[in-house]
Enquirer: 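One structure, pasted below without further comment.
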Amino acid sequence: MKKTCTDKGNISRTFTRRGFLSTSLKAGAAAFTTGLLPNFSAKAAGQYNVLFIMVDDLRPLLGCYGHAEMHTPNIDALANRGTLFNRAYCQYPLCNPSRTSIITGLRPETTGVIDNSADFRDQLPNAVALPQRFKVHGYYTQAIGRVLHIHELQHDERAWSARSWGPRWTPIDRAKTPSWNAFDVADHELRDGQTAEKVAEVLAQIQNHPFFLSVGFYKPHLPYNAPKKYFDLYNSQTFNIHTDTTTPENAPRIAQTNWNEIRSYKDIPNGTIPISQEKILELTRAYAASVSYTDALVGRVLEQLDALNLIDNTVVALVGDHGYHLGEHGTWGKNTLFEVSTRSPLIISVPGQTYPGTKTDALVELVDIYPTLCDACQLPISSELEGISLMPIIEQPTRPWKAAAFSQLKRGNINGVSIRTEQYRYTEWGTDGRHGRELYDYDTDPNETVNIANLPENKELVAQLSEQLQLGWQAALPDVSKPIPTPQALPWDINSDGIVDLQDLVLISNNFGADTPENPKVDVNRDGSVDIIDLLIVAAHFGESDNLTAPAIHVEISQKHIRFLSEWLTEARLADDGSNVFKQGIATLERLLNIAIPDKTVLLPNFPNPFNPETWIPYDLAQDTDVNISIYNLKGEIIRKLNIGYQAAGTYRTKNRAAYWDGRNSAGEFVASGVYFYSLNTGPVKAIRRMTILK
């Protein structure tokens, strides 16, 4: 179980089970009617409120999901007091089908919704939607912003106590509109900002009533428009994502996307012309800025919830409606059965939960949200739902869970069905895979670069996964009657204090090269030597604990630790062989370094030095400030200015945070070999250093 920092003062009551075992987990797939629900409207007594936040096109590119380069403090704080589901998958990677499965608790094959125009009421006129179940149990229900793709469903009197509210929508001509804009405006001047302000207003009005309030933010949906200050956060940022623009080797042609909405915008090349890596980085920065804008709005809503003293009796759930490609496999958007299109961020915070700030790798599905929110609020769970409550995972994060998550997609007349297991993704296109099969092993190929379904040595594995796929989602459900396994002592908890933290890394570092280490556990991989690989193995498990009652880890980075982290990163990069151990370990060390607040502002040596043709300029900031970096020649003439802008206090020593210089002057020409100087100007602090270009 991984733990992160926890906000103080959140927990006010004891967390208890709510009769989960009485729920039928393997129910049939029939539609259900309002006749199954009691007909009353009295106030719900002693039950939690629900704030349900849905974000359009949001992938798990968030700080709490291990992306230290992202500025998402409010969503990260929500994860710190709730449960983060690291492996949550949508049932159909498209807006309307996915949102329908969430709001009905039913899968696309039951709702019949597999495109953006279908209304689930056409096939299931008596289905009880999620807000409808809360409404008949005495809750005030309302949708604000973009919750359902078909907006008229947000006015359905059966489900909602009041008509939906949404900001004014102005159609755009994509052919005349750029894919992103950095507007010099305040948050509330854009549509999503108006949504957040409306939520704050409604919360104040309904604070004395039990409520189910559903909030939909449109960004980071295209076009990536946000206030300029959020773009300024990513002026020189790179991102820890894999953007191989080719489809996986040996993948069937049908697996490729036919959904490239971004091509319709005026600044994107038409047809099959590849989008350059430079443009991909530009677009990714714009997407990240939109994510940070939405994060600020989530913060505005949570701030109001706290100000009204509602935080301690409100379940808060945040989800992206599906995943999203940012250039992976040559794709921009959703509508594929690849990992980045089907995997969604999902965070659920329940007041008084025993283990706040936990991350779980349990396989879960967005269709599980409906029964989970009912279970958290002690409402009855209909046996007709096709998801299951995640409350057992929230209560016991080490509990064994689903064997697979199921997603589907239709291309023309051909159905694609896919399962995600702990190690594999297996997909069949058409009956019995007659139009193609895909198999990806995430232990050896986390970026899905090679389809290995047709390799002779995988014949038996493919048969097993195909059988699992055909058996369907019911066969993949967990057996909650099995006892929870007793956690074993973690081999990477070097000092055996129950938590993997900085002290364990320091112990390994202190024994580098030792013939007879003080603690035999420092030789983690048991190869007879203590080196950087042992440290990276432990770093990859940072925050894990073998004690569910242990407090959440609070990471405090001292100046001594900053020095250690820099040294470890330097050694790790020199030895990096591209393996997952190095990738995960280096990512953890960078994340730890990035949260450090140094004692003083300093300018550090550029890397590499000498360099050709590019370099990174690292620095530390002891306080929030505007940052300006200039490059000088030997004559003292400024040949290039790097406009960094406003930066928060912290360390900027890693590639995705340090200032980047491409070795060109202000005219765009590569400069000649020789000695140059670079300066840091933050107002109160000025510093200058020397560097060398060697071509």
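Positions are given from 1, in the same order as the sequence printed here.
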Enquirer: Going by the angle between their ring planes, with limits at 30° and 60°, are H329 and F338 parallel, tilted or perpendicular?
Expert: tilted
Enquirer: Hey, are E365 and R107 close enough for a salt bridge, meaning a charged N less than 4.0 Å from a carboxylate O?
Expert: yes
Enquirer: Quick check: do V350 and M391 have side-chain heavy atoms less than 4.5 Å from each other?
Expert: yes
Enquirer: List the residues meeting side-chain contact (heavy atoms from CB on, under 4.5 Å) with E303, not counting sequence neighbours, and say none if there are none.
Expert: R300
Enquirer: With a 4.5 Å limit on heavy-atom distance, are the side chains of T360 and R87 in contact?
Expert: no
Enquirer: May I ask you to decide whether E328 forms a salt bridge with R59, counting only side-chain N to carboxylate O separations under 4.0 Å?
Expert: yes
Enquirer: Does the pair E590/R653 count as a salt bridge with the N-to-O cut at 4.0 Å?
Expert: no
Enquirer: Is the cationic atom of R343 (NZ for Lys, CZ for Arg) positioned less than 6.0 Å from the six-membered ring centroid of Y89 and within 45 degrees of its normal?
Expert: no
Enquirer: Under a 4.5 Å cut-off applied to non-hydrogen side-chain atoms, are S98 and Q91 in contact?
Expert: no
Enquirer: May I ask you to decide whether R285 forms a salt bridge with E282, counting only side-chain N to carboxylate O separations under 4.0 Å?
Expert: no
Enquirer: Excluding sequence neighbours, so at least two apart, what forms side-chain contact (heavy atoms from CB on, under 4.5 Å) with I114?
Expert: Y92, P108, K410
Enquirer: Check for me whether R191 meets the cation-pi criterion with Y218, that is, NZ or CZ under 6.0 Å from the six-membered ring centre and within 45 degrees of the ring axis.
Expert: yes
Enquirer: Is there a side-chain contact between L337 and S407 (heavy atoms, below 4.5 Å)?
Expert: yes
Enquirer: Can we say K334 and D321 salt-bridge, meaning some charged N sits less than 4.0 Å from an Asp/Glu carboxylate O?
Expert: no
Enquirer: Mind listing the closest non-hydrogen atom pair of G193 and L297 along with its distance?
Expert: N-CD1, 3.6 Å
Enquirer: Under a 4.0 Å N-O cut-off, is there an ion pair linking D187 with K229?
Expert: yes
Enquirer: Suppose we screen for side-chain contact (heavy atoms from CB on, under 4.5 Å). Which residues come up paired with N628, at least two apart in sequence or across chains?
Expert: N681
Enquirer: Over 60° means perpendicular and under 30° means parallel, so classify the ring planes of Y224 and W332, tilted if in between.
Expert: tilted
Enquirer: Evaluate the ring planes of H71 and Y234, with Trp represented by its six-membered ring, and classify them as parallel (under 30°), tilted (30 to 60°) or perpendicular (over 60°).
Expert: perpendicular
Enquirer: Do the side chains of R121 and D119 get close enough for a salt bridge, i.e. N-O under 4.0 angstrom?
Expert: no
